[in-house]
Amino acid sequence: MIRKILSAIVKRWGSSLAKQRVWDSEYKAGQWTYSRGGPNNEAREPIYEFIEKYGANGSILDLGCGSGMTALEMKNNFVEYIGVDVSEVAIEKARLALSKEADRKSVV
């Protein structure tokens with residue numbers, strides 16, 4: 001409980017480096033792990049419909065993209081998708097997930 005409180009404080013008021021370290025440690029620990037059909041597989045986000053409608057054939061900038069699941073869950077009707085996150089671990093997970101998805105689609 002105390003660790004969660006300290007993490008929240010650092011995320012809100014910590015230095016950029018401190019925030020990055022907290023987010024990196026959470027991603028490394030698997031706290032934000034997502035897998036389709038897994039324990040963190042939430043229902044489709046309601047914002048996706050809006051983004052898909054107004055972002056069609058455009059560019060998407062996802063601030064705080066985490067491990068890139070938004071890009072995987074939305075219809076791929078955009079020209080460009082740019083994900084930005086403070087956690088280098090999250091970005092690496094996003095690259096890996098998107099690479100696997102691209103490989104899966106090229107096989108199908």
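What you see below is based on every heavy atom in this structure, not just the backbone, and it leaves out hydrogens, waters and symmetry mates. Just so you know, these numbers come straight off a predicted model, no measurement behind them.
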Exercise for the section: Quickly, which of Ile91, Val89, Val22 forms a side chain to side chain contact (heavy atoms under 4.5 Å, CB included) with Tyr27? Name it, please. Expected result: Val89
Looking at [atom1] of [X] and [atom2] of [Y], how far apart are the two atoms once the value is rounded to the nearest 0.5 Å?
X     : Y     : atom1 : atom2 : result
Ile60 : Glu52 : CD1   : CD    : 9.0 Å
Ser25 : Gln31 : OG    : CD    : 8.0 Å
Lys28 : Trp23 : NZ    : CH2   : 15.0 Å
Glu49 : Met74 : CD    : CE    : 12.5 Å

Practice task
Without swapping roles, check the side chain of Ser7 against the backbone of Arg3 for a donor-acceptor pair under 3.5 Å.
Solution key: yes
Exercise for the section: For Met69 and Ala97, work out which heavy atoms get closest and say how close. Expected result: CE-CB, 3.7 Å
Practice task
Indicate yes or no: does Lys11 engage Glu26 in a salt bridge with an N to O separation below 4.0 Å.
Solution key: yes
Would you tabulate the side-chain donor-acceptor contacts of residues 78-86 under 3.5 Å, counting partners in other chains and residues two or more places apart, or write 'none'?
| unit_1 | atom_1 | unit_2 | atom_2 | d |
| --- | --- | --- | --- | --- |
| Glu80 | OE1 | Ser59 | OG | 3.1 |
| Tyr81 | OH | Asp62 | OD2 | 2.4 |
| Asp85 | OD1 | Ser87 | N | 2.9 |
| Asp85 | OD2 | Cys65 | N | 3.4 |
| Asp85 | OD2 | Gly66 | N | 2.7 |

Practice task
Report whether Tyr54 and Tyr48 are members of the same hydrophobic cluster (ILVMFWY, side-chain heavy atoms less than 4.5 Å apart, transitive linking).
Solution key: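 Both belong to a single hydrophobic cluster.
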Problem - In one Ile/Leu/Val/Met/Phe/Trp/Tyr side-chain cluster, 4.5 Å: Ile9, Met1 - result: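 Hydrophobic grouping puts Ile9 with Met1.
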Problem - Within-4.5 Å side-chain heavy-atom neighbours: Leu96 and Lys93 - result: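 Not touching, per the 4.5 Å side-chain cut-off.
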